[in-house]
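Contents: one structure, followed by commentary.
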Amino acid sequence: MLRVTSKLRIQGTGFEGDGSNLHFEFVPALPKDSYSVVSSSDTSCSIVLKKGKAWPMAGGMSEVTMYLTSIKSDTHGDPDFNLLEEPKAVATIVATPSIVKNEQRTIYMTGSLKFLVNGSNFRAKSTAFTFDPPLYRDVDYVMTVKSPETAQLTLKTGRKWRSDGAPGPLKLTRLDTGGGALRIDSKFGGVTVAEVQADLGAHGVTVETTSDKKYYQSAPELTILGHGFNESSSLNVLRWGNKLMGKGVNYTIVAGTKNTLTLSLAWGSKWRPNAANLPGPLTLLAVNAGAGLVPVGATEAKKGRAVATIYPDPAVHPSPLTTIYRTLTHELWVTGSGFVRGSTSLDLVSTAPKDGELALKPFVDYVLVVFNQTHLRVSLRDGKAWANGPDGELKCVGLDTGPGKIPSVTKEMPRVLATIAADAMHKSGAAVTRTAMTQTIYETPALKKLTITGEHLCADGYRGTDAKVTFSPPVADDVFTVNQAAEKKVVLDLRKSKRWPVGTLYLASLKCGDKTLRTFADGAGVGVATVLPDPTVEAHPELVLYGAHSRRVVVRGSGFSPEGTELTLEPTPRKSYHVVEVTETTVLLELEPDAAWVAPEVLAKDAAKGVDLKVSKVDTGAGEVRFDSVTVATVVREPEGDVCDDSCEWALDGVCDDGTAPAYEDDWGTFESGRRWDDDRGGYLYDDVYYGGFYDDYYGAYFDDFADLPACPYGTDCTDCQPLHGDSHYTEVKDAECDNTCEFSRDGFCDDTRTNGYCKLGTDCQDCGPASAGNYSTYDDDAWWDDDASNWYWDDDYYDDDRRRFDDFYYDTATFSGNKDGVFDDDAVGYVRSTPNPFDPDDDLGKPADGGAASLLVAALLVTALGLAACAAARVARGGKVCAGGRKDGDSKESLAASWQEMTSNPSAKKTNIPITPDVAYTGDHQA
């Protein structure tokens, strides 16, 4: 309760007498001449402050718990006997808040991103504002209490600072910091905290999402599309998701129209410098076209517009000392930087002094595989050659990793990758046919034979099994046996429980039918097979999916091939899903539109335990591997009423934007301290002051703060947020799992995502219970009672039973005009005058006519601090204990009806006649 609340009510047993016989002691100490005790029954009593008094609170404190340490009664045999067995906490006293009036602050209807409300004694968890016209927290705005004197309000996407859309003052009519609502400047309809003006033309600036536009880090120019830009290009100011700065620091806007801006990169700068995080989006957060910075995305989630996808600057390292054979060399490793899997291509040209130039065609002559940003492999297809003849060079004359061919690698400026030599042939004429591309097997293939073909492999006419086969890298003799050997073919069998080594098998030498050791490619070997790792699939029956609303599932295992992996599911038909992405350890599958993992009629038959989703086959390039139906998830029926879709503006961008799953932006890193690290340029985001504080002056520190809300409404980014995750590495919170790590745990009210969402689900265990339970505590309106009226009839001060409506806002507006006293028939605990703005010399609001301190006027009304256990052990005068549970006379139906008639005919009867007690006074610039 507020420090100025006039009455503290305590409920228990044993309160005999009229209260004058009872003597209380409190910690912190409350002088006995500060209050009187009124006992309305033997089950409740009231501690009523006298005029000019306040509840105890040490200077500088914002709240304090008050304990009742002693109860003594004149009617007891020993008047000095403490009837209370142990101290009890009976109330939390909070300092009375105030609001600073600010009629000079101008904000724009939608163009102003945020503004600050100043005052005193704001509390991080409990502060709530009521505005006129109405604005609703987390619907119209996000509020962050920055300090006890400052609250920051941020406008949500698509909302207005005045809900009626008309320019005018934004008034704060009520303030509640946890001790009940206080009415502010009630005679004036509230205190003005800002003047809202219509948006200027430049506030209508918009930016298109053009993430499909690809640029290299050092691309000289970049174009932004949108509407409402200033045609004087230099007057446009852009705010980015990283520390990219304009005005010649990193770039300059060199051309502009209403619909386009052209940016020129400064020498030595890059659009996104950290290549390790690329490709990635270049995110524009806000544009100032002349009327202040206007956010172009969901500001409350710091969701901007991706105006480009930035790729790392690629390069190819020359390697002229590497020698490859014209047809015998199977693969060539190329090193460099900025390679991107799935989008990198090379233009390869070979030269031969006598045989001319050969342009190699991708997929026809060779296959390219990117392993990481610095290494890629070029594999020559079987039957193809690196060049038309020997003694030439293999050159890269073009490089494109996605945005287009780079200008530094051309026919005029090639990179020499290797020198081409004539095939090294054995003097016996023995030759091996290169079959590494066409003979692909697993480590332990179902058909355990490996076939080598060629010419003169063995002595003429030889047929046998005693051939000596040597591979590079070496393979132990006990791994395989020779099944057959002849002049043109050698067949090897894999021994039981043995494995072929993963990679390319090169036949280095062969002795077959005579004593001649036939070597191939001068001992380097010829590729005769490619061995793929055996694929495995992990079982995860604990992973739960909805039949259709869980759009994706991650199958985990090993040995998957990013170049191509096919999974067969049961009972899901192959046409119902497609492969989105493959890594060596994961395969991401996604449902086709209108498809389901399991048909609803099948789920209905086994609704209790669900249906197993199984992987029965995997093919990574060497044929199908059959499994004994490994369960990778359990599919359950759709939740009733809990549906989701992809209607979010930012749906299908790979980031969860509706708040149902964690979101991680790849151009930001986050430390445990909560500060976001700029992984592009280093340092904390916007800690450095560019332009001499220009951004702080025009945009404040908004983007230094954390967002409080997701970009889109709950359930509108279904695919990205994945109901029930769809990945066994992200487990659901189990029913029994919870802890008390929430900042506000053990305070009697549930503070996780099931109520106000101050803390994560399952972190306020004592107050909320297990993560999936509903037995959390909330404010119990029925626990508040009116001991003046001796009944619980007026529990809800909002509801007007005659009019059948909630009258909180009705009396804020309609009744005000005819109420000269500024007293409202609602649930406010009192009313205060605003604090004068120290920067406004003409502000006389709140100054009494006699020049004295601004007064705090508290209407004495029904604020209750429940100490349900406080007097439970109180002993009556004769030493006995009484548990009075009977209904009082005021609770009868007749009494309630009479009270109702009295209240409706005289609304002011709801107010009591307890003296008004001021809390703080203002004398000049000093608050006492």
Side-chain angles (χ1 to χ4, degrees), residues 97 99 105 107-117 119 122-146 150-178 180-184 189-196 199 295 298-301 303 648-649 657-659 702 705-716 749-751 753-758 778-779 781 796-800 805-814 816 824 826-829:
I99 294 292
R105 177 188 288 120
I107 60 176
Y108 294 97
M109 190 70 69
T110 64
S112 296
L113 173 65
K114 66 173 185 177
F115 75 94
L116 300 178
V117 175
F122 296 159
R123 302 173 72 212
K125 177 181 174 182
S126 307
T127 299
F129 295 151
T130 301
F131 289 99
D132 180 22
L135 293 176
Y136 299 98
R137 184 174 181 175
D138 296 343
V139 175
D140 297 299
Y141 65 92
V142 179
M143 183 172 74
T144 304
V145 176
K146 312 289 286 186
T150 305
Q152 176 179 285
L153 275 60
T154 303
L155 191 67
K156 286 206 65 180
T157 305
R159 313 303 292 189
K160 301 177 181 180
W161 284 120
R162 279 183 58 101
S163 55
D164 58 5
L170 179 63
K171 293 188 175 184
L172 199 157
T173 61
R174 181 177 303 185
L175 168 63
D176 187 351
T177 58
L182 286 173
R183 184 168 295 285
I184 312 295
V191 54
T192 299
V193 292
E195 286 289 335
V196 183
D199 289 337
T299 57
E300 65 277 8
K303 190 83 175 182
C648 169
E649 182 178 356
D657 295 308
D658 69 5
Y702 172 71
D705 307 325
F706 275 105
D708 288 326
L709 290 177
C712 299
Y714 179 91
T716 60
F749 303 99
C750 179
D751 294 303
T753 53
R754 285 168 287 180
T755 55
N756 52 43
Y758 285 108
T778 56
Y779 287 94
D781 189 60
D796 196 339
D797 291 327
Y798 283 90
Y799 194 73
D800 183 333
R805 69 185 175 203
F806 287 89
D807 269 355
D808 180 47
F809 180 69
Y810 174 79
Y811 282 110
D812 284 356
T813 53
F816 173 76
F824 291 78
D826 59 19
D827 66 337
V829 300

query: How long is the span from the OG1 atom in Thr154 to the CG atom in Asp140, to the nearest 0.5 Å?
result: 13.0 Å

Exam field: side chain Trp161 to backbone Ser112, donor-acceptor pair closer than 3.5 Å: yes

field: Closest non-hydrogen atom pair between Leu182 and Pro97, with its separation
entry: CD1-CD, 3.7 Å

message: When you compare the side chain of Leu135 with that of Leu170, does any pair of heavy atoms fall below 4.5 Å?
response: yes

field: Where Thr177 and Arg123 come nearest, the two heavy atoms and their spacing
entry: O-NH1, 2.8 Å

query: Hey, do the aromatic rings of Phe129 and Tyr141 have their centres closer than 6.0 Å?
result: no

- prompt: Among Thr130, Thr127, Val191, Val117, whose side chain to side chain contact (heavy atoms under 4.5 Å, CB included) with Leu175 holds?
  reply: Thr127

Under 3.5 Å: donor-acceptor pair, side chain of Arg137, backbone of Met143: yes

field: Val139 side chain near Arg159 side chain, heavy-atom distance below 4.5 Å
entry: yes

field: Note, Pro167 side chain near Glu195 side chain (heavy atom, < 4.5 Å)
entry: no

message: For a quick test of reading the model, state the closest non-hydrogen atom pair linking Thr110 to Leu155 and the distance between them.
response: CA-CD2, 3.9 Å

task: Write down the atom of Gly165, the atom of Met109, and the distance for their closest heavy-atom approach.
output: O-CE, 3.4 Å

statement: Heavy-atom closest pair (Thr173 atom, Gly189 atom, distance to 0.1 Å) is CG2-O, 3.4 Å

query: At their closest point, which heavy atom of Val142 faces which heavy atom of Lys156, and how far apart are they?
result: CG2-CG, 4.0 Å

query: Could you give the distance from CD (Gln152) to CZ (Phe115), rounded to the nearest 0.5 Å?
result: 10.5 Å

message: I'd like to check the salt bridge (charged side-chain N to carboxylate O under 4.0 Å, His left out) partners of Asp176; sequence neighbours left out, ordered by chain and number.
response: none

task: Tell me, please, which residues at least two apart from Thr192 pass side chain to side chain donor-acceptor pair (under 3.5 Å).
output: none

- request: Please answer whether the main-chain N or O of Pro133 pairs with a side-chain N or O of Ser163 as donor and acceptor at a distance below 3.5 Å.
  value: no

